[in-house]
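What follows is one structure encoded as structure tokens, with my remarks underneath.
In each ligand, atom 1 is the first atom listed, and ligand 1 is the first ligand listed.
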Amino acid sequence: MSLTVSNVTFSYNKKAKPVLKDFSAEFYSGRITALTGENGCGKTTLAKLIMGILKPYEGRIMLGEDGQERKEDGPRETDLSDLSLAETGRKIGYVMQNPARQIFSTSVSEEIRYGLKNMGLNEDETNYRAAEFLRYFDIEKYADTFPFFLSQGEKQRLVLASVLAMEPAWLILDEPTASLDIKRKTLLGNYLTKIRKEKNCGIIVITHDRDFAKKYTDSEVRMGDRDV
Ligand SMILES: Nc1ncnc2c1ncn2[C@@H]1O[C@H](COP(=O)(O)OP(=O)(O)OP(=O)(O)O)[C@@H](O)[C@H]1O
Ligand SMILES: [Mg+2]
């Protein structure tokens with residue numbers, strides 16, 4: 001399964017220089033890819049384009065289907081622009097730099113259940129997955145806690161749990177180490193390694209953290225510097 005960005009051009013403002021100009025890259029699932037580049041080069045913009053929050057002016061973003069389908073019927077790809085925002089949201093999970101900003105429920109368990117209910121899963125499946133992901137990210141003891149009281153690392157794990165419970169094809173983390181100390185960075189790195197092994201999803205880590213990238217990612221897409 002791959003995520004292919006082909007000749008994408010995007011600008012926030014028609015008069016300004018495009019943030020992305022004829023940009024192409026390929027991401028492979030089964031790898032953890034570091035997405036790197038200087039401040040302002042367009043990493044978060046690319047993530048928003050992949051999530052369908054922004055639309056490219058030109059170019060395409062294609063999602064390859066899994067290997068089996070590919071063998072039977074030849075290559076199969078989905079153009080993300082053919083999907084609704086909700087459909088894309090189920091395929092692409094995004095963890096913001098400040099995860100607190102994407103938490104809005106009144107308990108940890110409810111936060112995980114919210115997305116699952118929205119997907120139309122029944123009560124049993126919702127309960128099962130919520131319990132599984134509370135356990136997976138070691139936040140069971142906070143199930144009934146108001147998320148506001150969690151530490152930064154725990155909030156990040158809650159968002160990871162909420163996103164992965166929906167079984168996305170891709171997981172994008174935007175600057176996930178920015179507010180973590182060394183111990184929590186190691187914990188996060190170990191989680192990413194575990195997710196790559198155990199969950200069927202590709203992982204993209206937007207990062208400026210060279211040490212983290214070296215230790216926990218296995219390929220790199222570097223975005224070009226904008227000559228502004
Ligand atoms: N909503 C917006 N409206 C207008 N311009 C924007 C908007 N968001 C970002 N930009 C501009 O687009 C460019 C790329 O921004 P983006 O946030 O994608 O960069 P980045 O690579 O994620 O940077 P950083 O490493 O600092 O997070 C910047 O010049 C930024 O000022
Ligand atoms: Mg950014």
So, the side chain of Gln102 versus the backbone of Pro99: is there a donor-acceptor pair under 3.5 Å, distance only?
no

Who passes ring pair (Phe, Tyr, Trp, His ring centres under 6.0 Å) against Phe137, sequence neighbours left out?
Tyr191

Using the side chain to side chain donor-acceptor pair (under 3.5 Å) rule, take Thr33 and Ser219 through it: C-alpha gap first, then chi angles, then the decisive distance, then the call.
CA-CA 5 Å; Thr33 304; Ser219 54; 3.2 Å; yes

Give the intermediate values and the outcome of ring pair (Phe, Tyr, Trp, His ring centres under 6.0 Å) for residues Tyr142 and Phe149.
CA-CA 10 Å; Tyr142 303 122; Phe149 294 119; over 10 Å; no

Atoms of ligand 1 close to Thr45 [distance to a heavy atom under 4.0 angstrom, numbered from 1]
14 (C), 15 (O), 16 (P), 18 (O)

Which of the numbered atoms in ligand 1 are below 4.0 angstrom from a heavy atom of Val19?
12 (O), 13 (C), 14 (C)

Identify the two heavy atoms, one from Ala213 and one from Ala34, that lie closest to each other, and give their separation to 0.1 Å.
CB-CB, 4.2 Å

Main-chain N/O of Gly37 paired to Lys43 side chain as donor or acceptor, under 3.5 Å:
yes

Are Lys55 and Phe10 in a cation-pi contact, defined as NZ or CZ under 6.0 Å from the six-membered ring centre and within 45° of the axis?
no

Is the NZ or CZ atom of Lys21 positioned over Tyr57's six-membered ring, under 6.0 angstrom from the centre and within 45° of the axis?
no

Protein N, O or S atoms lying under 2.8 Å from the Mg ion (ligand 2), listed by chain and number
Thr44 OG1

With atom 17 (O) of ligand 1 as the reference point, say which of Thr44, Ile206, Asp174 has the nearest heavy atom.
Thr44

Does ligand 1 have a heavy atom under 4.0 Å from the side chain of Gln97, from its backbone, from both, or from neither?
neither

For Gly37 and ligand 1, answer yes if some heavy atom of the residue is under 4.0 Å from a ligand atom, otherwise no.
no

Run Thr44 and Asp174 through side chain to side chain donor-acceptor pair (under 3.5 Å) and show every step you take.
CA-CA 7 Å; Thr44 299; Asp174 202 340; 2.8 Å; yes

Check whether any heavy atom of His208 sits under 4.0 Å from an atom of ligand 1.
yes

